[in-house]
Amino acid sequence: MATDKSISDLIADYQHGYSLKQDFYKNPQIYDKEMKNIFLHHWLLAGHVSQIPNPGDFFLFEFDKESIIITRSKQGKIKAHLNVCRHRGSHVCLKKSGNAKAFTCPYHAWSYDLDGKLIAARIMDSDFDKSENGLHQAHVELVGGLIFISLAQNPPSLRGMQEDLTDVFDQFGFDKMKLVKQNTYPVQSNWKLAVENYQECYHCAPSHIDYAKIHALALTPQKFNPFKETYLKETTSNVRTKPSSYYFDLAKEGDEGYQYERNPLLKGMKSGSLGGKPVAPLLGKINHFSEGASEFSVGPVTFFLIYDDHMVGYRFLPTSIDTCVADVFWFVREDAVEGKDYDLETLIWLWHVTILDDEKIIVDNRKGVDSRFYSPGKFSKMEDMEQHFVNWYINALKK
Ligand code: FES
Ligand SMILES: [Fe+2]
């Protein structure tokens, strides 16, 4: 039940081993703090370089009240400009994606080049300095072809992650993939209920019939742990099996949290698809199907599941305190040809149906959390990653 406690009391009162109090989902001051400490600070997946192959190509990356223009400059560099006119603040770019030579504000026609520099401002005094009125910039980092942005002045470092996982990115060919589909699923719940749901597979067996036929993670710990141990001992996969478990509460001060882990699929399952059948050519330097998949995550709201033949990305973003979106991205190797090497409907099937199931359980969860009778409940041991997320979240709010 909601209380009238201060934010710092609520944070201090968090009881380890339990879900969050209702205030964390409903209190607008907590939401403001989340914006500042989490979404305006940490690295967020904006998209992929294959969405903007040519100079002037752009798309908008948006969450809550923010809109960011992701574009490719004349020199081919990926840039991220805040979509807020330096005159009186109008959104400058109104199209969701396209190609532009410059971004001209629809209000009074100030015009910005692809680097965000102000290049034209009508009828201004002669002492007006255009060079001081460029669009605000977000930091951009590429992880292979994945575009991450941070709105912080001094973002957490991604260097440790980039160095630690060089071999993983190389084996899966992170810089040789293309994005072939992005679906946006609106969810009528606070963003944390969506992230928390993604963090645990306690719900997988009862809620995801199709997923549970493919992924060993849906098994009980008594069955999963020995199954995984045997898999890791016997796997012939040529990608790293050693986990990197920096994630969430374990990241070093100043570093972005990340995680890499390899998990088994059930016997005979090769990919995340109907019947576990292959759905695309093998990624990067993967040389055979090894009945496993890798989990990789960066920052608090971006997760990847890397099968031997395709990668699926998940990103959860708040659109308001009570609503969020789950974006799902499907990647294949860049030289794969649709219709010949992969069929799009077949490729996206598993995670499309799974996220629709998730959307339903998250909203049902939200309805109960909204109740005057909700109180924090005890986590199962299958919710250990969710506990890591909650620990990290509580710490992030303290800053
Ligand atoms: S608000 Fe953009 S030109 Fe005036
Ligand atoms: Fe799920």
Side-chain angles (χ1 to χ4, degrees), residues 19 60 65 67-69 81-95 100 102-113 116-125 128-130 132-136 183 185-220 224 263 265 272 293 295 297 301-305 307 312-316 324-329 348-366 379-380 382-386 389:
S19 60
L60 296 185
K65 299 182 179 71
S67 175
I68 297 119
I69 308 167
H81 313 307
L82 270 293
N83 191 8
V84 180
C85 185
R86 293 297 306 280
H87 176 222
R88 277 172 43 211
S90 170
H91 272 185
V92 174
C93 179
L94 306 186
K95 273 172 72 180
F103 298 104
T104 300
C105 180
Y107 202 173
H108 315 93
W110 284 23
S111 194
Y112 303 88
D113 71 9
K117 284 201 203 91
L118 181 62
I119 47 173
R122 297 159 52 243
I123 324 169
M124 297 297 284
D125 288 344
F128 173 70
D129 188 355
K130 290 208 284 287
E132 287 189 352
N133 286 278
L135 294 172
H136 292 302
N183 277 354
Y185 302 86
V187 184
Q188 300 295 313
S189 88
N190 180 274
W191 67 276
K192 293 188 295 302
L193 291 177
V195 173
E196 288 174 68
N197 174 67
Y198 189 82
Q199 289 296 317
E200 50 90 357
C201 215
Y202 193 30
H203 73 277
C204 292
S207 299
H208 297 309
I209 297 162
D210 297 304
Y211 172 95
K213 285 179 189 156
I214 297 159
H215 284 261
L217 261 176
L219 299 172
T220 61
F224 176 73
N263 282 315
L265 301 177
E295 317 262 349
S297 53
V301 291
T302 307
F303 306 88
F304 300 91
L305 182 48
Y307 298 104
V312 189
Y314 314 84
R315 177 186 68 193
F316 302 97
C324 66
V325 290
D327 278 289
V328 184
F329 305 79
I348 73 167
W349 175 80
L350 177 67
W351 280 98
H352 175 66
V353 297
T354 304
I355 205 90
L356 290 177
D357 292 339
D358 278 324
E359 195 247 332
K360 184 175 182 318
I361 55 184
I362 295 164
V363 172
D364 290 338
N365 186 183
R366 192 266 299 160
F379 286 143
S380 137
M382 279 186 85
E383 290 163 303
D384 56 334
M385 281 304 291
E386 183 177 356
F389 169 73

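The structure displayed is predicted, hence computed values, not measured ones. Order of appearance sets the numbers: ligands from 1, and atoms from 1 within every ligand.
Between F128 and W110, the distance separating the two ring centers is shorter than 6.0 angstrom.
Distances from the Fe ion (ligand 2) to each N, O or S atom of H203 single out NE2 as the nearest.
Looking at H81 and I68, their side chains never come closer than 4.5 Å, going by heavy atoms from C-beta outward.
Judged by distance alone, the side chain of H203 and the main-chain N or O of E200 form a donor-acceptor pair under 3.5 Å. Side-chain atoms of R86 come within 3.5 Å of backbone atoms of G134 as a donor-acceptor pair (strictly under, hydrogens ignored).
Of all protein atoms, those that are N, O or S and lie under 2.8 Å from atom 4 (Fe) of ligand 1 total 2.
Within 6.0 Å of atom CD1 in I209, 12 or fewer heavy atoms from other residues, nucleotides or ligands are found, so the atom counts as exposed in its surroundings. No more than 12 heavy atoms of other residues, nucleotides or ligands lie within 6.0 Å of OH in Y202, so this atom counts as exposed by the packing criterion.
With sequence neighbours excluded, the residues forming a side chain to side chain donor-acceptor pair (under 3.5 Å) with E196 are Y25, listed by chain and number.
To the nearest 10 degrees, the Fe ion (ligand 2) sees OD2 of D358 and NE2 of H208 at an angle of 90°.
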